[in-house]
Protein chains: 2
Amino acid sequence: MTLQTTPTETWAASLRSVGRRVTKQRLAVLAAVERSPHSTADDVVSAARAELADITVQSVYVVLSDLTVSGLLRRIEPPNSPARYETRVNDNHHHAVCTGCGRIEDVDCAVGHAPCLTPSWSPGSSRMTIQIADVVYQGLCTDCREASPEDVPAFPEHTEKH
Amino acid sequence: MTLQTTPTETWAASLRSVGRRVTKQRLAVLAAVERSPHSTADDVVSAARAELADITVQSVYVVLSDLTVSGLLRRIEPPNSPARYETRVNDNHHHAVCTGCGRIEDVDCAVGHAPCLTPSWSPGSSRMTIQIADVVYQGLCTDCREASPEDVPAFPEHTEKH
DNA sequence: GCCTTATTATGAATTACTCACATTAGATGT
DNA sequence: ACATCTAATGTGAGTAATTCATAATAAGGC
């Protein structure tokens, strides 16, 4: 027995800090998501079952949802894909989805300040108090770009503004 | 009979311009989405049936999907909601979703230039050729803010950067 | 160890959407 | 106006992702 803090102990502490009990199901889910970020619920079921053979699909859904609400996981909903989860929660980073193969990459920030939280409203819109700005980029990753037969330039209307 | 261009005639012209036949189903769907932007497929079914009683759910799905591909409609996928559609397609505007009531407002542009297309990549990410950047804001609309018992400030980590 | 209740398992149900195939109806040419 | 071609829609079934109600189990405080 070592006195070092293991990853499992760290997750256990995180669970307690948000007022949740430490269960092997939650630890297995957290470990699975940490090992492969941007996992789907299905991915998590497979990965978690490697260390906890009889965890159920429904439990994984419940755990993922609960951990998202308590702030230990972040849920992202990419286009044309089931929801995905990641353990990187304390920075407001964004995501880029490859339209060719569906792979997802992390993006730190588009600009160095807070444009996302100070939107310019369209006419007729009432103003909201903005708390989160999620940016989803879509494009081609290097692999798919090489494999694609034609050149696919950025859409004109997107290069003018933004 | 007037010689003025009616909304229907305008939609008919748009359909022809993208190489699509003009059908009453497509016109009903376009009119429905134009009348209530950010409609779900279900909303469109209800609205379209007011003028075309026996249009099927499946046809609405097919029409929405086809018109999205041909560029007459834009599809948005807000969190915790089925896909929604709008006719405002030729500007790259974004959306704000109220976490209280789910209402959606249009947002013109966060900043005046193109930060969305020049992301700063996280370490370990490979670079993609970005073509689209969709921004989804989440917050509280004025109605929900008044109704909410406690003050809900913006998250600290989101005010620092972005 | 016991007790409380948070958590997980069980099984069914639902929502949002897609698919294969048959039928109908725009658009084009005569 | 009519025939023809095939895009477009209707029909009916099927699926993926997720949620729900309720019963069984197991953390954590005493």
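It should be emphasised that the depicted structure is a prediction, and the values quoted were computed from it without experimental measurement. Each chain gets a letter, A, B and so on, in the order its sequence line appears, and its residues count up from 1. Reckoned from all heavy atoms, side chains included, excluding hydrogens, waters and symmetry mates.
Glu77(A) has its CD atom 12 Å from the P atom of dC17(C), to the nearest Å. The nearest whole Å value for the distance from the CG atom in Leu52(B) to the C1' atom in dG10(D) is 12 Å. If you take CD of Gln25(A) and P of dA27(D), they are 8 Å apart, rounded to a whole angstrom. Atom P of nucleotide dA17(D) and atom OH of Tyr85(A) are separated by 12 Å, given to the nearest angstrom. When rounded to the nearest whole Å, the span between CG of Leu15(A) and C1' of dA6(C) equals 13 Å. With rounding to whole Å, Leu27(B) atom CG is found 13 Å from dA8(D) atom P. Spacing between atom CG of Asp43(B) and atom P of dA16(C) amounts to 10 Å, rounded to whole angstrom units. Per the geometry, CD1 belonging to Ile55(A) stands 14 Å off C1' belonging to dA26(D), to the nearest Å.
Contact between the side-chain N/O atoms of Lys24(B) and the OP1/OP2 oxygens of dA8(D) is not found at any separation under 4.0 Å. Phosphate proximity of dT18(D) to Tyr61(A): present, with a side-chain N or O under 4.0 Å from OP1 or OP2. The phosphate of dC17(C) has OP1 or OP2 within less than 4.0 Å of a side-chain N or O from Arg75(B). Contact annotation: Thr23(B) reaches the phosphate of dT9(D) (side-chain N/O to OP1 or OP2, under 4.0 Å).
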Does the pair Arg84(A) and Ser81(A) meet the rule for a side chain to side chain donor-acceptor pair (under 3.5 Å), with working shown?
-> CA-CA 8 Å; Arg84(A) 290 163 183 277; Ser81(A) 157; 2.9 Å; yes
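Tested against His38(B) for a side chain to side chain contact (heavy atoms under 4.5 Å, CB included), the candidates Glu105(B), Glu86(B), Arg103(B), Arg88(B) yield a single pass: Glu86(B).
Taking every side-chain heavy atom of Arg26(B) into account, dT9(D) is the closest of dT9(D), dT18(C), dC17(C). Which of dT9(D), dA16(C), dC19(C) sits closest to the side chain of Gln58(B) comes down to dC19(C). When the nucleotides dA25(C), dT18(D), dG10(D) are ranked by their closest atom to the side chain of Arg21(B), dA25(C) comes out on top. Considering only side-chain atoms of Thr56(B), the nucleotide from dA8(D), dA17(D), dT11(D) that sits closest is dT11(D).
Within the nucleic acid shown, Asp66(A) has no heavy atom closer than 4.0 Å to any nucleic acid atom. Within the 4.0 angstrom heavy-atom criterion, no nucleotide atom of any strand lies near Val57(B).
Under the 4.5 Å side-chain criterion, counting only non-hydrogen atoms from C-beta, Pro37(A) is not in contact with Thr87(A).
Between Val18(B) and Ser70(B), the shortest heavy-atom contact is CG1-O, 3.6 Å. When all heavy atoms of Val33(B) and Tyr85(B) are compared, the pair lying nearest together is CG1-O, 3.6 Å.
Where Ala41(B) and Arg20(B) each meet DNA chain C at their nearest nucleotide, the meeting point lying more 5' is that of Ala41(B). Along DNA chain C, the nucleotide nearest to Asp42(B) and the one nearest to Gly19(A) differ in position, and the one closer to the 5' end is contacted by Gly19(A).
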